[in-house]
Every structure is written in C-alpha cells, then in structure tokens.
> 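Mind having a look at this structure? Questions to follow.
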Amino acid sequence: MKRSALLFAVLFCLVSFLSKTASSQAVYGSIFGTVTDPSGAAVPNAKVTVTDIAKGTFDSATTNATGNYTVTHLIPDQYSIRVEAQGFKTREQRPITVSADSAARLDMALEIGEVSQSVEVTGQAPQLKTDRADVATTFNERYVENLPLLNRNFTSLELASPGTLILVGWSHAATENPQGSQQIFVNGQHFSGTAYELDGTDNQDPILGIIVVNPNIDAVQETKFALQNYDAEFGKAVAGVVTTQTKSGSNDLHGSGFYFRRTDATAARDPFTQYAPDPVTGRMIPSARWQQFGGTLGGPIIKDKLFVFGDYQGTRQTNGISNQLTIPTARALSTCLAPGGFCDLSQYQPFIGNGKAGDPTNYLYDPASSAALDGSGRQAFCGATEVTIGANPAQNMLNCPTPFLIPVGKLSPQALNILKLFPQPTNGNVQNNFVGAGSGPFVQNSFDTRIDYQASQSVHVFGRFSLDYFSLSGKGALGALGGEGFGPGGLNGTARTHNYSLASGFDKVINSTLLTDFRFGYFKYNPISNKADSGAAPATAFGIPNMNLSGAQAQATSGLPAFFLHSAAPNGGTGNMISDFGDGLNITRCNCPLVESEQQFQFVNNWTKVKGNHQIKFGADLRYAMNLR
C-alpha cells in the first residue's frame, strides 16, 4: 500500500514537472511569458516588474536563461508590466487583466537602446490560453453587474455557460434556500455536484448541495464557471466549479449605490385565479412589492499598503400570491354537517376508482366493518341502508341507486370537527373550486467586508467576512386548516436563516523559486423554520390522539398534521385529489419544524516550486464539518 502511494506521488510530480505551465490557485492568478531581443533570441536576467494599477503594489521577477518569467499569486485586477535589461530600451505594457485560477501570457520583444529610454504600449494584449485545458467561462465585474439577472440572483449567471440546464418544476423550499441558489445541472450531472468557492474557500452546503452565501453582485470582482478539466485542487466537485472573488479596495475612494422596485401595479392578472376581486380586499391582484437597495464603498487605509472594501444589500418583498385549491364541495359541506341527515358525496363518483357504476371499488365502505376488502362480508353504504358485499359484489350493488349517501351519524366526530373549519368554495367545481389570495413578507439584510494588506513585496494578506440574514413567513389559504400559503413559493410557516462565511489567507515568496499560500475558511448555514400554528394543538382539538404531544415533545409535535385525501389509483399511484390541507412540506412548502446548523472549517496550504521553465505544485485541503439537521 505504501509503495503504491509513493509511486502515485512520483508520477504526479513527473507529470507536473514535464508540463510547461504557469500555475494559478483558486484565489490568485499569474502572468508569464518570454522576453526576447529584436532577433528573437532570449534575453536572460531581465527585470520584470508587475504593478497593480489600482493599488500601486508590485511584484518582481527575473527572466531565466531561456528568457522566461513567471509572476504568480496575483489577486484579480488590472496590472502593468515593466521590463528592464542592459542594452535595451525599457518596455512597459498596460493594462493586463489577471483573473483567478488562470494565467495571462505576455511575451515582450525589447528594442536596442538605453535603459533610460522607454517604449510604452497600451491596450489589452490578446489572450490565448496556452497554460491549461479547462473549459471555462469567466465574467469580470462589468459583465457581472450589467448582465440582466432576475432579482439580481448571482447563481443564475451559471446558465450563461454551455452545457448548463436549470431544473424546472422543482426547487428547495424557500425556508431552507432563502438565498435563492439555483438548481443547475452541468453536463448532465446532478446540481449538488457543482462546487461553489468564494475567495478560495468552500461556499456549498454539504447536505442540500446549494450555495451558502449568494453574493451581492456589486461585490463580485469576477467569477469563473469551469465545466471540464478543472484543476485537481477542486477535488470535491464532480460537475462544475464556480469560483468567485470579491472586490478589494484601491488607492482611490470608490463607491456605488442601487435601488430597484417592482409592484403589482404593472403585473398581469392570472385569468384562472384572478378573474374576480378578492371578497376581503376587493383587489384583483394581491398586494405585491419587491424592493432591493444597497451600496458599496472601498478605498485605502494606508496608501499602497492597506485597503478595505465593504458592501450592503437589503431586500424587502411582499409576496402576493393567488392560490387555487381543492376543498369539499358546497353540497358535501352542507349535507355532512346537517345532523340526522345523509352526507351526500355523489359528486365524487366520477373521481373515485374508475368512475363506473356497479364497480365496488367506487363505493364507500363502513370503516367499522371488519371484513376484508375482497367483497367477503364487507359492509357498504347504499342510500339509507348498509348492504353486505357477497361473492358477486358487482351484481349485489348493481341496483344500488345512491352508493354515495352516508348517514351523518356514521361520520366520526374528528371528521366533523375538521369539516366545520373549511371555507365555502368560490365556484361550483368539484376540483379546483377555491381561490384564496394574500401576501407574505420576505426580508434580507446582508453585507461583506474585505481587507487586503501588502505587508511586504513578498507577503500579501487578505480577509473577508460575509453575513446573510433572512426572515420570511406566510399564512395558509385555508385559515385554521392551513393549506398552501401566501409566503414565498407558497410558504405557510415562518423561517429565520442566518448564514455566515469567513475567508482569510496569505501568500509568501520564500525565494525566487519557492512560493506558498495558506487559506482558512469557515461557514455556517443556519435555517430555523416553524409551522404557522407552532405551539398550538389543533389535532388534539379535533379529537385526534397522539399527534400533538405534551411535555418535552410539545413544541416539536405542535401544529397541524398533513392531510392527503386522494382517490385510489391503479398500480398504487395517486388518483384524483379530493383535498390536501394541513401542514407539511408537500402542502405548505415548509419542511418544519426544522433546526439546522451546518458548520465547516477549512484549511488549505499550497506550495509552488519553479524549476527552470516548469513548475511543481502540491498542497492539501483539510475540512472539518459539524452538521446538525
């Protein structure tokens, strides 16, 4: 086993050594190239100085015997390059854009002359990727800020890459994903296989596979979507890799502000649910308002040395929703709640079983009957009487005129208590016969702050802290019986989510051929959600035992249970819906009560060794997770 591991390590180093490349890291980028004279011969020992145009910080390198140079561990920004050599004019070119996890190549041809003479070239050098084979799309801050994004949702940018597809018709509940992480498939792989990195540290919830902190797009310096052949450093990913770098301050003070607003005043009506004014509010469309505002500010604390950047984003949303539901018909409610009469469910005959008269699978049976459902002695309702289904159930029930009349006295007290709480239908349909409208609030407050410190020419330190607070709620369309709600995504319940993210690190040039960088990352994903009727005991009030417990289990078992009333369907499937109500993930879009605390600590250390025209890179990524769900 030890010999196999040693052989693998040797092969890895050989492959790295034999590859002529300018490596880069998840946080940093690099610039490399060749310096030549007018005849095309290499110029050794030329001094190469790379300066961050905005910050004034600089790094330097010297060309080797073959005229090649490499400057690594550059944070994403625009740089100028100055080359000086005895017997040649000084040459400078700007700007050169450096992106994280990539290398910019710039070859420089010098002219004969004095060092005091200079040649300055402006304009971006053409970037032909020769250092790596990854398939990736990189967006700088201009693209990130100017591309149209609904609700300014950063993760939607991933859809601009080829081979990506969003999962339609399904999403995580808003209570667990208020940050709006999109479920995007990359090259056919499951969305949870896509890794999210923020400033070189993990930014992905390990249980649901979604982003933890969805950054404010005004705080993004650049983002890269790698789809194939990404570096081994991203070993966790099996689909795509989304690496994002936040902005840092500069020598100049810069700021920005934004405000966006949408209301129901410009919304179109849904003809199926908003065809008449709401009886309570008198509005065709429920009140809806989306507002997002914030700003950024960055600048120097110590010029050319210490820089700071911060941003804030707030979202205030009143989510107007019209829900179309199925509840018991007006006939069923009036007859089933009339003492001494018969509960008339004949309107449901076409929706139960196969809807054929004479078929016992359509009939309603007395739950007190103890016989099996195969027709041997099972009691069925036939108008005002009960009859026994014998050996030939179809023949026995063929002449039953009203198999859907049940004596009210046969109904359980629990069922009657529930029926009393249903509202009246808003139309005469058997299904889709109730429309309710309302609004639910959504509040977000988030900020990021980052500090960069150029301790010396060989040491750069950075740190970033992000916080994302969410609060959202909604009430059920059926009032005391819950049902689909008016909160975000149909939420009926309440949720409070506090997400945190921290990244810090430094890079150190040990000598001209050896460099190292270290990063520490931490995040906490912390949604807490509850039912809208948390703390109440409605099931106990209905007379249903052992659902709303007391004592230590009172809070966890409080609130409504979920009721799924469907007809039978062939092969064990779900037939036509009679009514779904109560509380539950598949009804109220609230997986609650839920307390979730996921924390992760991450330590990353990389080493880069320059050997002639080659580089060997090795390192480790250690993660410790503490997950409670």
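Values below: all heavy atoms of this structure, side chains included; hydrogens, waters and symmetry mates excluded. For reference, positions follow the sequence shown, starting with 1.
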> Taking the six-membered ring where the residue is Trp, are the ring centres of Phe601 and Tyr522 under 6.0 Å apart?
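Phe601 vs Tyr522: aromatic centres under 6.0 Å.
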
> Do Asn187 and Gln189 pass the side-chain hydrogen bond (donor to acceptor under 3.5 Å, both in side chains) test, and can you show the C-alpha distance, the side-chain angles, and the key distance before you say yes or no?
CA-CA 6 Å; Asn187 296 327; Gln189 297 294 319; over 6 Å; no

> Please walk me through it: do Ile528 and Asn526 pass side chain to side chain contact (heavy atoms under 4.5 Å, CB included)?
CA-CA 7 Å; Ile528 298 174; Asn526 186 214; 4.2 Å; yes

> Closer than 3.5 angstrom, by distance alone: can the side chain of Asn492 be matched with the main-chain N or O of Gly485 as a donor-acceptor pair?
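No, Asn492 side chain to Gly485 backbone: no donor-acceptor pair under 3.5 Å.
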
> How about Thr175 and Arg589: do any of their side-chain heavy atoms sit closer than 4.5 Å?
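They are not in side-chain contact.
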
> Show every donor-acceptor pair shorter than 3.5 Å between a side-chain atom in residues 469-481 and any protein atom, with sequence neighbours excluded, or say none if there are none.
| residue | atom | partner | partner atom | Å |
| --- | --- | --- | --- | --- |
| Tyr469 | OH | Tyr500 | OH | 3.2 |

> For Asp202, is there any backbone N or O sitting under 3.5 Å from a side-chain donor or acceptor partner on Gln602?
yes

> Any heavy-atom pair between the side chains of Phe462 and Ile75 that's under 4.5 Å?
no

> Sub-3.5 Å donor-acceptor pair from the side chain of Thr426 to the main-chain atoms of Val435, do we have one?
yes

> Apply the test side chain to side chain contact (heavy atoms under 4.5 Å, CB included) to residues Gln555 and Asn530: give CA-CA distance (whole Å), side-chain angles for both, the deciding distance (0.1 Å), then the verdict.
CA-CA 10 Å; Gln555 182 63 30; Asn530 288 288; 4.0 Å; yes

> Using distance alone, with no hydrogens and no angle criterion, decide if Ser501 and Arg464 have a side-chain donor and acceptor under 3.5 Å apart.
yes

> To the nearest 0.5 Å, how far apart are CD1 in Ile211 and CG in Asn203?
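That separation rounds to 4.5 Å.
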
> Return the orientation label for the His190 and Phe185 ring planes: parallel under 30°, perpendicular over 60°, tilted otherwise.
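Perpendicular, since the angle between the ring planes exceeds 60°.
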
> With a cut-off of 6.0 Å (strictly less than), are more than 12 heavy atoms of other residues, nucleotides or ligands near CZ of Phe272?
no

> Thr497: what forms a side-chain hydrogen bond (donor to acceptor under 3.5 Å, both in side chains) with it, not counting sequence neighbours?
none

> Whether the side chain of Asp199 engages the backbone of Ser504 through a donor-acceptor N/O pair (distance < 3.5 Å, no angle test) should be reported.
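Such a contact is absent between Asp199 side chain and Ser504 backbone.
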
> With rounding to the nearest 0.5 Å, note down the distance linking CD in Glu158 to CZ in Phe139.
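It is 10.5 Å, given to the nearest 0.5 Å.
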
> When you check the side-chain N and O atoms of Arg331 and Ser346, is any donor under 3.5 Å from an acceptor?
yes

> Would Ser466 and Asp448 satisfy side-chain hydrogen bond (donor to acceptor under 3.5 Å, both in side chains), going step by step from the backbone distance to the final call?
CA-CA 4 Å; Ser466 301; Asp448 309 277; 2.4 Å; yes

> Run the side chain to side chain contact (heavy atoms under 4.5 Å, CB included) test on Thr194 and Phe191 for me, step by step, so that the C-alpha distance in whole Å, both residues' side-chain angles and the decisive distance to 0.1 Å come before the verdict.
CA-CA 6 Å; Thr194 296; Phe191 68 83; 5.7 Å; no

> Apply side-chain hydrogen bond (donor to acceptor under 3.5 Å, both in side chains) to Glu176 and Asn591, showing your working.
CA-CA 8 Å; Glu176 296 182 73; Asn591 187 18; 3.3 Å; yes

> Taking all non-hydrogen atoms of both residues, which atom of Leu491 and which atom of Cys590 are closest, and how far apart?
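Heavy atoms of Leu491 and Cys590 come nearest at CD1-CB, 3.6 Å.
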
> I need the Leu411 CG to Leu416 CG distance, nearest 0.5 Å.
5.0 Å

> Check whether Ser161 reaches the backbone of Thr137 with its side chain - one donor and one acceptor, N or O, closer than 3.5 Å.
no

> Compare all side-chain heavy atoms of Asp218 with those of Ser256 and state whether any distance is below 4.5 angstrom.
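Counting from C-beta outward, Asp218 and Ser256 do come under 4.5 Å.
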
> After noting the C-alpha distance and the side-chain angles of Lys247 and Asp311, does the key distance pass the salt bridge (charged side-chain N to carboxylate O under 4.0 Å, His left out) rule?
CA-CA 10 Å; Lys247 291 180 179 178; Asp311 70 273; over 6 Å; no

> Got Phe564 and Asn586 here, is their nearest side-chain heavy-atom distance under 4.5 Å?
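A side-chain contact under 4.5 Å exists here.
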
> Any side-chain heavy atom of Asn151 sitting closer than 4.5 Å to one from Trp290?
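SC-SC contact between Asn151 and Trp290 confirmed.
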
> Within the side chain of Glu596, is there an N or O that forms a donor-acceptor pair under 3.5 Å with the backbone of Pro527?
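Checking the backbone N and O of Pro527 against the side chain of Glu596, no donor-acceptor pair under 3.5 Å is found.
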
> About how many Å separate CG of Leu325 and CZ of Phe434, when rounded to the nearest 0.5 Å?
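Rounded to the nearest 0.5 Å, the CZ-CG separation comes out at 6.5 Å.
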
> With side chains defined as the heavy atoms from C-beta onward, is the minimum distance between Tyr525 and Leu208 less than 4.5 Å?
yes

> When Ile210 is tested against each of His172, Gln182, Gln204 for side chain to side chain contact (heavy atoms under 4.5 Å, CB included), which residue passes?
His172

> Ignoring hydrogens, what is the shortest heavy-atom contact between Ala562 and Gly584? Give both atom names and the distance.
CB-CA, 4.2 Å

> Is there a side-chain contact between Leu333 and Gln424 in this structure, where contact means two heavy atoms from C-beta onward sitting under 4.5 Å apart?
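Leu333 reaches Gln424 side chain to side chain.
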
> Quick one: pull up CD1 in Ile327 and CG in Asn433 and give me the separation to the nearest 0.5 Å.
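So the gap between those two atoms works out to 5.0 Å.
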
> Show the nearest heavy-atom pair for residues Pro561 and Ala539, with the distance to one decimal.
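Closest approach of Pro561 to Ala539, heavy atoms only: CD-CB, 4.1 Å.
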
> Check the pair Asp252, Ser250 against side-chain hydrogen bond (donor to acceptor under 3.5 Å, both in side chains), reporting the backbone distance first and the verdict last.
CA-CA 5 Å; Asp252 297 320; Ser250 64; 5.2 Å; no

> Quick one: pull up CZ in Phe442 and CZ in Arg316 and give me the separation to the nearest 0.5 Å.
10.0 Å

> Should Asn548 and Phe542 count as side-chain neighbours, where that means a heavy-atom distance under 4.5 Å?
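Sidechains of Phe542 and Asn548: no contact.
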
> Taking all atoms of both residues into account, what is the closest heavy-atom pair of Ala332 and Gln347, and its distance?
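In this case the closest contact between Ala332 and Gln347 is N-OE1, 4.5 Å.
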
> Please report the shortest heavy-atom distance between Val430 and Thr329, naming the atom on each side.
CA-CG2, 3.8 Å

> I'd like to know if the side chain of Gln183 reaches the main chain of Ser181, judged simply by a donor and an acceptor atom lying under 3.5 Å from each other, with no hydrogens or angles considered.
yes

> Quick one: closest heavy-atom pair of Asp205 and Val212, and the distance?
N-CG2, 3.4 Å

> Looking at Thr223 and Thr243, would you say the former's side chain and the latter's main chain have a donor-acceptor pair under 3.5 Å?
yes

> Decide yes or no on side chain to side chain contact (heavy atoms under 4.5 Å, CB included) for Phe309 and His254, but give the supporting numbers first.
CA-CA 9 Å; Phe309 177 86; His254 290 283; over 6 Å; no

> Kindly write out the residues that satisfy ring pair (Phe, Tyr, Trp, His ring centres under 6.0 Å) with Phe581, not counting sequence neighbours, or none if the list is empty.
Phe422, Phe563

> Using modelled atom types only, decide if a donor and an acceptor are shared between the side chain of Asn499 and the backbone of Asp468 within a distance under 3.5 Å.
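Between the backbone of Asp468 and the side chain of Asn499 there is no qualifying donor-acceptor contact (under 3.5 Å).
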
> Counting N and O atoms only, with roles assigned by atom type, does the side chain of Asp452 sit under 3.5 Å from a partner on the main chain of Phe307, one being a donor and the other an acceptor?
no

